[in-house]
Number of protein chains: 2
Amino acid sequence: MPSTTRERILDAALELIQERGFGGTTVTGIEELAGLSPGSGSFYRHFRSKEEVFRSVFERELDRARRHREAFERGPVTADPRDALTRRLLQQLDYLARIRPLITLLAREHGRFPELTRTVRSALLDQGIAEEADHLARDLPGAPGHDDPHALLAVVVSALTGYHLSSEFFGRPPAGIDPARFATALAALITGPPQEASRTDG
Amino acid sequence: MPSTTRERILDAALELIQERGFGGTTVTGIEELAGLSPGSGSFYRHFRSKEEVFRSVFERELDRARRHREAFERGPVTADPRDALTRRLLQQLDYLARIRPLITLLAREHGRFPELTRTVRSALLDQGIAEEADHLARDLPGAPGHDDPHALLAVVVSALTGYHLSSEFFGRPPAGIDPARFATALAALITGPPQEASRTDG
DNA sequence: GTCTATATCTCGATAGAC
DNA sequence: GTCTATCGAGATATAGAC
């Protein structure tokens, strides 16, 4: 990793904005964290303004998120749909963890930069939800008790994002449940009571 | 409605901090929104500093949230547990909507004011989750397929908070599902397939 | 308790040496 | 491309008249 000054500035800006917000972050602070002389205008040899560096930070995180989504490996559809589903849900949680900076930027600055909302929504959420709907429809073709598939999808997506955001805001997962246990419980909820044999989980 | 100057300052500060964050909010802006002369130090006849007004805003929202929680009306336990559960989940969503300012403050400023995390967590989440666990245990005494009640609780809480936060950050609910439909789907998921059909216990 | 006025400081941004 | 130095704007906070 070459780590150019420009990249160190982006790293510093991301870190500070995540912690203190855009309004609470100073160019001097960014310079200092990037290893430049604080108060010198060296920052401005790389970015024209504080707003510009924010947009660059945001774009970089958006690109990273897109790449993470493309690299999404679909879990193999095994004989047991619950197993496949659990694995898929765990991947989703892992994906959310990987794009954490993007989510944090959105959560913090969607008031000051309203265009973030549209961008993230169309790039990740709409597209991601559409894909997820396909997966759910494929993995659970005729599951009973799911007479509103769209609402079911909303529940699953909400559960995953809620788990992630609770962990983020409160510093610990809801009820102290780790991701694997959470995914298992959610998958069990979706697939319903064991279909043929006795309970597989134990 | 007396609306003292102090209260108008608190209102103004809350609104601006929610929109721009603590670092992006100025005392001058608070004064202006509170109907005082912008740039005059009139603010300082009521609060000693910007930090102090933030803490006062936070305390006020915390009190409001506590009162909302106390006023929580428990839905009557009807013959159909799914109905009761749906109503209860809708109340939870309504509760989250009512304490929205507190959640927004936490989401935005938990980096700058780490003590917010502990306070909100102990005042709302821990206590709320404990109560919710009781309710779930009571409403769903022997529901099948729930061999990990703690994880189930985490799923439910995550789904509710995720629904709320997605609506907040993205400006619309997940998949465009309204609260009633969401609660219905979540309740259906928890209670499983319709109860009329006889089933064997596990 | 609100105003005008202002002290003091920090911030964003620029100029120019090297 | 980084530094020292600094400008001008705007921020927090204070002083004192009314």
Side-chain angles (χ1 to χ4, degrees), chain A residues 1-61 105 108-116, chain B residues 1-60 105 108-109 111-116:
Chain A
M1 279 293 186
S3 180
T4 65
T5 300
R6 185 189 159 88
E7 281 166 342
R8 290 205 316 279
I9 289 177
L10 287 171
D11 293 341
L14 173 62
E15 184 175 331
L16 292 176
I17 292 171
Q18 283 189 100
E19 191 182 323
R20 310 177 192 179
F22 179 79
T25 297
T26 68
V27 172
T28 300
I30 294 173
E31 286 174 335
E32 188 162 20
L33 192 57
L36 295 169
S37 177
S40 74
S42 299
F43 169 93
Y44 292 96
R45 298 286 176 182
H46 303 272
F47 299 95
R48 277 184 306 181
S49 69
K50 205 173 88 169
E51 280 216 357
E52 198 194 86
V53 83
F54 177 82
R55 291 180 201 283
S56 293
V57 163
F58 175 70
E59 286 296 332
R60 193 176 64 159
E61 293 310 312
L105 288 181
R108 285 211 68 132
E109 305 302 335
H110 69 115
R112 189 190 283 257
F113 300 94
E115 72 270 24
L116 299 196
Chain B
M1 205 130 119
S3 181
T4 65
T5 300
R6 185 189 160 89
E7 279 166 343
R8 289 205 318 278
I9 290 177
L10 287 172
D11 292 341
L14 173 62
E15 184 175 331
L16 292 176
I17 292 171
Q18 281 188 102
E19 191 182 323
R20 311 177 192 179
F22 179 81
T25 297
T26 69
V27 172
T28 299
I30 294 173
E31 286 173 335
E32 188 163 18
L33 192 58
L36 296 169
S37 177
S40 74
S42 299
F43 168 94
Y44 292 97
R45 298 284 176 183
H46 303 272
F47 298 96
R48 276 184 310 180
S49 69
K50 204 172 89 169
E51 281 218 355
E52 198 195 86
V53 82
F54 177 82
R55 291 181 202 282
S56 294
V57 164
F58 175 70
E59 287 297 332
R60 193 178 62 158
L105 288 180
R108 286 211 68 130
E109 305 303 335
R112 188 190 285 256
F113 299 93
E115 72 271 23
L116 300 195

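Residue numbers begin at 1 in each chain, while the letters A, B, ... track the order of the sequences. Everything numeric here is computed off the predicted structure, so don't read it as measured data. Computed from heavy atoms alone, side chains included, the values below leave out hydrogens, waters and symmetry copies.
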Legend entry - Whole-Å distance separating the CD atom of B/E52 from the P atom of D/dT12: 15 Å
Inset, instruction - May I ask you to evaluate whether B/T5 reaches the phosphate of C/dT2, defined as a side-chain N or O under 4.0 Å from OP1 or OP2? - result: yes
Inset, instruction - To the nearest Å, give me how far apart CD1 (A/I9) and P (D/dG1) are. - result: 10 Å
Legend entry - Minimal non-hydrogen separation, A/L36 against A/F43, with atom names: CD1-N, 4.3 Å
Inset, instruction - Just jot down the side chain to side chain contact (heavy atoms under 4.5 Å, CB included) partners of B/T26, sequence neighbours excluded, or say none. - result: B/T28
Legend entry - A/R108 side chain to B/R108 backbone, donor-acceptor under 3.5 Å: yes
Inset, instruction - Just grab all the side-chain hydrogen bond (donor to acceptor under 3.5 Å, both in side chains) pairs involving residues 38-50 of chain B, residues at least two apart or on different chains. - result: B/S40-B/S42, B/R48-B/E52
Inset, instruction - Using the closest heavy atom to pick a nucleotide of DNA chain D for each, name whichever of A/S42 or A/G39 lands nearer the 5' end. - result: A/S42
Legend entry - Between P of C/dG1 and CD of B/E7, the distance in whole Å: 12 Å
Legend entry - Rounded distance (nearest 0.5 Å) linking atom CD1 of B/I9 with atom CD1 of B/I30: 8.0 Å
Inset, instruction - From the options C/dG12, C/dT4, C/dT2, select the nucleotide whose nearest atom is closest to the side chain of B/H46. - result: C/dT2
Inset, instruction - Provide, to the nearest angstrom, the distance between the CZ atom belonging to A/R48 and the P atom belonging to C/dA15. - result: 15 Å
Inset, instruction - Calculate the interatomic distance between A/K50 atom NZ and D/dA11 atom P; express it in whole Å. - result: 12 Å
Inset, instruction - Please list, chain by chain and in numerical order, all residues satisfying salt bridge (Lys or Arg N to Asp or Glu O under 4.0 Å) with A/E31, sequence neighbours excluded. - result: none
Legend entry - Distance-minimising heavy-atom pair for A/R6 and A/S56: NH2-OG, 4.0 Å
N/O to N/O distances under 3.5 Å, protein versus nucleotides 16-18 of chain D:
{"from": "D/dG16", "atom 1": "O6", "to": "B/R45", "atom 2": "NH2", "distance (Å)": "2.9"}

Inset, instruction - Would you mind telling me which of C/dT14, D/dA13, D/dT2 lies closest to the side-chain atoms of A/Y44? - result: C/dT14
Inset, instruction - Please list all pairs passing the side-chain hydrogen bond (donor to acceptor under 3.5 Å, both in side chains) test where one or both residues lie in residues 10-19 of chain A, with sequence neighbours left out. - result: A/D11-A/R60
Inset, instruction - Could you pull out all residues at least two apart from B/F113 that satisfy side chain to side chain contact (heavy atoms under 4.5 Å, CB included)? - result: B/F22, B/E51, B/F54, B/R55, B/E109, B/E115, B/L116
Inset, instruction - In whole angstrom, give the distance that lies between atom CZ of B/F43 and atom P of C/dG1. - result: 15 Å
Inset, instruction - Tell me which residues in residues 18-38 of chain B put a heavy atom below 4.0 Å from DNA chain D, sorted by number, or none. - result: B/T25, B/T26, B/V27, B/T28
